[in-house]
Peer 1: 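I have a structure I would like to understand better, so I am pasting it below and will then ask my questions one at a time.
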Amino acid sequence: MSHKILIIEDQATMRRNVALMLQLEGYNALTAANGVEGMGITRRERPDLILCDVMMPEMDGHAFLRALREDQVLSHTPFVFLTAKGDKNDVREGCDLGANAYLTKPVIREDLLAAVNACLKGTHDDLK
């Protein structure tokens with residue numbers, strides 16, 4: 001069974017590129033254009049990992065992660081920020097909110113896959 005990864009990104013090209021990169025690695029990539037749409041997909045699909053931008057309309061990445069961590073059912077879902085906001089304070093804030101990893105754009109394929117693999121380690125082990 002392939003892992004479901006939700007990509008929440010408001011820039012369509014970036015969203016498509018990350019989804020394609022993950023699909024080529026055998027992952028089931030789901031996409032959302034903002035945090036509100038992403039939360040609906042998360043509740044419905046229960047992804048194994050969420051990759052999320054910070055700056056988005058309607059619900060930004062920080063608000064999304066706060067809502068995710070407050071939801072008893074979804075709170076343990078691995079979460080990675082994938083954003084252009086890369087100074088030390090941004091990274092610290094993301095980690096303080098409970099992100100498992102923090103990647104800055106443009107992201108190198110190897111770095112993205114390393115973060116994805118690290119976050120997914122241990123999930124679905126019972127299916128092997």
Side-chain angles (χ1 to χ4, degrees):
M1 179 177 180
S2 74
H3 290 285
K4 273 192 263 188
I5 301 176
L6 173 59
I7 302 137
I8 308 173
E9 166 64 59
D10 60 324
Q11 294 178 353
T13 302
M14 179 72 174
R15 191 169 59 242
R16 277 194 306 271
N17 289 344
V18 172
L20 181 59
M21 206 183 306
L22 294 172
Q23 287 166 345
L24 290 171
E25 295 296 320
Y27 294 109
N28 178 5
L30 309 170
T31 61
N34 60 59
V36 172
E37 185 181 333
M39 190 54 73
I41 293 170
T42 299
R43 288 192 172 116
R44 189 172 60 251
E45 297 288 333
R46 303 278 170 84
D48 299 301
L49 172 65
I50 298 169
L51 301 175
C52 186
D53 192 9
V54 172
M55 297 178 291
M56 297 179 295
E58 296 190 52
M59 177 189 261
D60 71 12
H62 291 157
F64 180 91
L65 182 53
R66 273 189 217 93
L68 183 74
R69 293 299 183 235
E70 289 170 4
D71 186 303
Q72 282 190 312
V73 175
L74 305 170
S75 64
H76 296 295
T77 306
F79 183 95
V80 176
F81 275 120
L82 179 56
T83 179
K85 292 178 61 100
D87 73 33
K88 284 182 190 173
N89 290 334
D90 294 324
V91 175
R92 188 176 306 115
E93 184 178 5
C95 292
D96 287 349
L97 287 171
N100 298 83
Y102 197 104
L103 300 172
T104 54
K105 295 187 244 177
V107 67
I108 299 166
R109 180 181 169 277
E110 288 75 19
D111 292 344
L112 175 66
L113 294 176
V116 164
N117 290 328
C119 287
L120 290 175
K121 205 172 215 128
T123 61
H124 287 203
D125 280 347
D126 56 326
L127 300 175
K128 290 180 184 170

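Just the heavy atoms: all of them, side chains too, but no hydrogens, waters or symmetry mates, feed the values below.
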Peer 1: For Ile8 and Gly38, which heavy atoms make the closest approach, and how far apart are they?
Peer 2: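 Minimum heavy-atom separation between Ile8 and Gly38: CD1-CA, 3.9 Å.
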Peer 1: Please report, to 0.1 Å, the donor-acceptor pairs under 3.5 Å made by any side chain of residues 22-33, with sequence neighbours excluded.
Peer 2:
from	atom 1	to	atom 2	distance (Å)
Glu25	OE2	Arg109	NH2	2.3
Tyr27	OH	Asn117	OD1	2.5

Peer 1: Are Leu112 and Ile50 connected into the same hydrophobic cluster when the rule is that any two of I, L, V, M, F, W, Y join if their side-chain heavy atoms are below 4.5 Å apart?
Peer 2: no
Peer 1: Walk me through whether Arg16 and Leu20 qualify under side-chain contact (heavy atoms from CB on, under 4.5 Å).
Peer 2: CA-CA 6 Å; Arg16 277 194 306 271; Leu20 181 59; over 6 Å; no
Peer 1: Could you state whether Leu120 and Leu6 fall into the same hydrophobic cluster, counting links through intermediate Ile, Leu, Val, Met, Phe, Trp or Tyr residues with side-chain heavy atoms under 4.5 angstrom apart?
Peer 2: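 No, Leu120 and Leu6 fall in different hydrophobic clusters.
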Peer 1: Measure the spacing between SG of Cys119 and CG of Asn100 and express it to the nearest 0.5 Å.
Peer 2: 4.5 Å
Peer 1: Which residue pairs satisfy the salt bridge (charged side-chain N to carboxylate O under 4.0 Å, His left out) criterion with at least one member in residues 28-47, sequence neighbours excluded?
Peer 2: Lys4-Glu45, Arg43-Asp71
Peer 1: Which atom names give the shortest non-hydrogen contact between Met56 and Gly35, and what distance separates them?
Peer 2: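 Residues Met56 and Gly35, closest heavy atoms: CE-N, 3.8 Å.
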Peer 1: Tell me whether Ile7 shares a hydrophobic cluster with Leu68, the cluster being built from Ile, Leu, Val, Met, Phe, Trp, Tyr side chains joined at under 4.5 Å.
Peer 2: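 No, no single cluster joins them.
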Peer 1: Check residues 74-86 and write down every donor-acceptor pair under 3.5 Å in which the side-chain atom is one partner and the other belongs to a residue at least two apart or another chain.
Peer 2:
from	atom 1	to	atom 2	distance (Å)
Thr77	OG1	Leu74	O	2.8
Thr83	OG1	Asp53	OD1	3.4
Thr83	OG1	Lys85	N	3.1

Peer 1: Are Pro47 and Ile41 close enough that some pair of their side-chain heavy atoms sits under 4.5 Å apart?
Peer 2: no
Peer 1: Do Val54 and Leu103 sit in one hydrophobic cluster, given that two such residues count as connected whenever their side-chain heavy atoms are within less than 4.5 Å of each other, even indirectly?
Peer 2: no
Peer 1: Give the cluster check for Val18 versus Val116: same hydrophobic cluster or not, with ILVMFWY residues linked at side-chain heavy-atom distances below 4.5 Å.
Peer 2: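 They do share one cluster, since a chain of ILVMFWY contacts under 4.5 Å joins Val18 to Val116.
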Peer 1: Between Met39, Met59, Glu58, which is the residue that forms a side chain to side chain contact (heavy atoms under 4.5 Å, CB included) with Asn34?
Peer 2: Glu58
Peer 1: Is it the case that the side chain of Gln11 and the backbone of Thr13 share a donor-acceptor pair, with hydrogens and angles ignored and the cut-off at 3.5 Å?
Peer 2: no
Peer 1: Are any of the side-chain heavy atoms of Leu97 and Arg69 separated by less than 4.5 Å?
Peer 2: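 Contact flag for Leu97/Arg69 side chains = no.
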